[in-house]
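Pasting a structure here, questions to come.
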Amino acid sequence: MFKVIRPLEEPVELKTKGYNSEKIVNTLWEMCYRKCYLCETLNPDAPEIEHKEPHENKDEDLKVDWKNLFYSCRRCNSIKGVKHKNILDVAQVDPITKIIWNMAPSNYSDVTFEKVDKQCKDKAVEDTIKLLDRCFNETGTAFRGITREALIEKIEIKLQHFLKQAYKIRHEDSDEDDIEKARKQLKVMLQNRYPYSAFWRWRFLRDPVLMREHSDLLSEYAKLSPCKK
Ligand SMILES: [Zn+2]
């Protein structure tokens, strides 16, 4: 997940043409940097409009409530369904400041999530973690097994790219040019628009070498880092 900036003005088409109309879909697509707002897959094959608070086909106001609409992939939308309510509103709260994303490079093992503040009793944070755990890990049906494998494979490829840059930065044979190139690559990966950005931000924040020598790349989140600078 990642912070989004929702256009303040609600498109007039929402009330007249519905939430699946072209203008709404395109606006939400851009607002979410063309990614599923839950799993962060870029340009998912089967995109849908996701209602943060489920309308359950009976609440007409929620159906066309501009602040309730996000862009998502079919897997995340169907997992969320009507069960998961009260999750973090990423147009209001930066989820990086509330939840730690963690993926170990280890053969499709579960992705894990933790609260940034262990004492935090915010139910929205706890409910969001429950949903994320299912979005990234659930394999309950044959289709969910297949979509989960495809999702983890995409993240693993990006993880290898991240690790390669982190390695270049700390390797004794790297010269200034190598380090500068690696810094540029990491800078791109740490942006909101990059796929699975929450994982790279948290990996960066928990890397003592990167935080000691290159914390300028993620200065807005530096205070969240457990590493001493
Ligand atoms: Zn998704």
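Just the heavy atoms: all of them, side chains too, but no hydrogens, waters or symmetry mates, feed the values below. In each ligand, atom 1 is the first atom listed, and ligand 1 is the first ligand listed.
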Within a strict 2.8 Å cut-off of the Zn ion (ligand 1), protein N/O/S atoms tallied 4
Quick note, salt bridge (Lys or Arg N to Asp or Glu O under 4.0 Å) partners involving residues 82-94, not counting sequence neighbours, are Glu56-Lys85
Sorted by chain and number, sequence neighbours left out, side-chain hydrogen bond (donor to acceptor under 3.5 Å, both in side chains) with Thr27 holds for none
- request: Run the salt-bridge test on Arg183 and Glu180 with the 4.0 Å N-O cut-off and return the result as yes or no.
  value: yes
Pairs of donor and acceptor atoms involving the side chains of residues 11-18, under 3.5 Å and at least two apart or interchain, shall be tabulated with distances.
| residue | atom | partner | partner atom | Å |
| --- | --- | --- | --- | --- |
| Lys15 | NZ | Glu10 | OE1 | 3.4 |
| Lys15 | NZ | Glu10 | OE2 | 2.7 |
| Lys15 | NZ | Val64 | O | 3.2 |
| Thr16 | OG1 | Val12 | O | 3.4 |
| Thr16 | OG1 | Glu13 | O | 3.4 |

Query raised in the report: Side-chain contact, heavy-atom cut-off 4.5 Å: Glu114 with Ile99?
Result: no
Quiz item: Would you say the side-chain atoms of Tyr108 and Glu153 include a donor-acceptor pair closer than 3.5 Å?
Solution: yes
